[in-house]
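The analysis underlying the following values was restricted to heavy atoms, covering all of them including side chains, and did not include hydrogens, waters or symmetry mates.
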Amino acid sequence: MNDISITLLVLLAAIVLFVWNAVPVEIVAIGVALSLFLTGVISFEQTLAGFGDPVIVFIAALFVVSEALDATGVTTWAGQQLTKRTGTNRRIIVTFVMLLVAVVTALISVNGAVASLLPMVVVLAIRIRQPPSQMLMPLAFGAHAGSLLVLTGTPVNVLVSELAVSTGHAPFGFFEFGLVGLPLVVGTILITVFLGPRLLPNRTAQVAPKDLSDHARTLAAQYSLADAEACWAGRTVSQRSSSHHARPSWVKASSREW
């Protein structure tokens, strides 16, 4: 069996393990490198070379910055300011949410930005009595559009720039992606704001899961929803899911605060 066939088989096995999701992705990734080494496709030096690649170090640093912003409360503060100042107009809220997540994504990548701002968006959806899907999907759209604003917006930008250097071309400038990213952000916001109510799914859970109380307490602690937290804590599980046709109890409890 030649090297191409071995590489394809290892790649196929890795895809199956990624989809199965029973083995941690880190173990799968290391297993791929070891498999290619043990089968003689790559040398030992090539197996370890990736860990010292500048792109890998840079991407790891982005995750450190992302965690630092979340741990120091910067993203929470930004969410609080947005919650206080946007009122209840859906178009205004969606616009500012997408602008905020686009800017944060440009600094710390898509995953970190969405993860840090997701609780704030849930609070805003409760506040204006919108289905979470009508707010969370614009959050994702804005994050992906914002990833093309600057070089650090996504690891893909860094990899492409590194590839350009390896082929003898100049690296991309830090703001060079913005020539495409800025119009993309503006266009994404306009489409979502004006066509979103008709195109986005309208989904609201009829029954809140039992572990949602922990999530509600987290929102209350970070976004000053003291009354909502107390209201949720005082309900029994049966009260939280008393009716299949009623609005979710977590929406009722939180919307009283607003």
TODO: Considering non-hydrogen atoms only, spot the tightest contact between Val104 and Ala113 and give its length.
DONE: CG1-CB, 3.6 Å
Task: Distance, nearest 0.5 Å, that separates CG of Leu184 from CG of Leu148 - done: 6.0 Å
TODO: Determine, stepwise, if the pair Thr154 / Asn157 fulfils side-chain hydrogen bond (donor to acceptor under 3.5 Å, both in side chains).
DONE: CA-CA 6 Å; Thr154 174; Asn157 297 352; 5.3 Å; no
Task: Val186-Val101 co-clustered via ILVMFWY side chain contacts under 4.5 Å - done: yes
Open item on the list: Donor-acceptor pair, distance only, cut-off 3.5 Å: does the side chain of Thr39 make one with the backbone of Leu36?
Closed with: yes
Task: Atom of Arg90, atom of Thr192 and distance for their closest heavy-atom approach - done: NH2-O, 3.8 Å
TODO: For Glu176, enumerate each residue passing the side chain to side chain contact (heavy atoms under 4.5 Å, CB included) test, keeping only those at least two apart in sequence or located in another chain.
DONE: Phe172
Task: Shortest non-hydrogen separation from Val150 to Ala106 and the atoms involved - done: CG2-O, 2.9 Å
Task: Reported CZ-to-OG1 distance for the pair Phe177 and Thr152, which is rounded to 0.5 angstrom - done: 10.5 Å
TODO: Could you tell me whether the side chain of Val28 reaches within less than 4.5 Å of the side chain of Trp20, counting heavy atoms only?
DONE: no
TODO: Name all residues meeting the side chain to side chain contact (heavy atoms under 4.5 Å, CB included) criterion together with Leu8; count only those two or more places apart in sequence or in a different chain, and write none if there are none.
DONE: Ile4
TODO: State, to 0.1 Å, how close Pro171 and Ser161 come at their nearest heavy-atom pair, and which atoms those are.
DONE: CB-OG, 3.6 Å
